[in-house]
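What you see below is based on every heavy atom in this structure, not just the backbone, and it leaves out hydrogens, waters and symmetry mates. This structure is a prediction, so every number in the text was calculated from the model and none was measured. Index from 1, following the sequence.
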Amino acid sequence: MLVDMLYLASLWIMPRIRAFAIHQLEYRSYLFFPHAQKLYLSRAYDIKEWYDPAIRALIVGTDHMKLTDTEVAWIGIHTYVFIVKTREW
């Protein structure tokens, strides 16, 4: 529901509602948002402050932190390859 609010607030240029949605998502992201989804949302809705922490979390992830097909679809194949190569390095 908060992602829908973010979508509509971004679409209709409603900065206060957008800021509220981002704040709520950020607060709740520690509880249930995968890093890949946070990266996707940062790109889709131009949330610059989420991009670096999400990409770092995906890179630093341990071997048992495999990305699902859905997560790879969220971040894109090029980003996935970058993350895998960086982990191997």
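Considering only heavy atoms from C-beta on, Glu49 comes within 4.5 Å of Ile22 through its side chain. Residues Arg18 and Ile47 meet the side-chain proximity criterion, which asks for heavy atoms closer than 4.5 Å.
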Lys66 and Val72: CA distance, side-chain angles, deciding distance, side-chain contact (heavy atoms from CB on, under 4.5 Å) verdict: CA-CA 10 Å; Lys66 304 285 186 202; Val72 172; over 6 Å; no

Check the pair Ile83 / Ile55 against side-chain contact (heavy atoms from CB on, under 4.5 Å), numbers first and verdict last. CA-CA 8 Å; Ile83 289 168; Ile55 200 85; 4.2 Å; yes

In sequence, state the C-alpha distance, the side-chain angles, and the governing distance for Ile75 and Tyr40, and then conclude on side-chain contact (heavy atoms from CB on, under 4.5 Å). CA-CA 6 Å; Ile75 66 173; Tyr40 166 76; 5.6 Å; no

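Rounded to the nearest 0.5 angstrom, Arg87 CZ and Ile59 CD1 are separated by 8.5 Å. How far CD1 of Ile17 is from OG of Ser10: 11.0 Å, rounded to the nearest 0.5 Å. One distance of note links CZ of Phe20 with CG of Leu2; it measures 7.0 Å at 0.5 Å rounding. Distance check: Arg56 CZ to Tyr51 OH gives 10.5 Å after rounding to the nearest 0.5 Å. Atom CD of Gln37 sits about 10.0 Å away from atom OG1 of Thr70, to the nearest 0.5 Å. Here the CG-OG distance, from Leu25 to Ser42, works out to 12.0 Å after rounding to the nearest 0.5 Å.
Taking a 6.0 Å sphere around CD1 of Ile13, one finds it holds 12 or fewer heavy atoms contributed by other residues, nucleotides or ligands. When the shell of 6.0 Å around CZ of Phe82 is examined, it contains 12 or fewer heavy atoms from other residues, nucleotides or ligands.
The hydrophobic clustering, which links ILVMFWY residues whose side-chain heavy atoms are closer than 4.5 Å, places Met1 and Val3 apart. A continuous path of ILVMFWY side-chain contacts below 4.5 Å connects Val84 to Ile77, so both sit in one hydrophobic cluster.
Looking only at distances, no side-chain donor or acceptor of Arg43 sits under 3.5 Å from a matching main-chain atom of Trp74.
Classified by interplanar angle (parallel below 30°, tilted 30° to 60°, perpendicular above 60°), the ring pair Phe33/Trp50 is tilted.
The minimum heavy-atom distance between Ala36 and Glu71, with the atom names listed, is CB-CB, 3.6 Å. Annotation for Ala54 and His35: closest pair CB-O, 3.8 Å, computed over non-hydrogen atoms.
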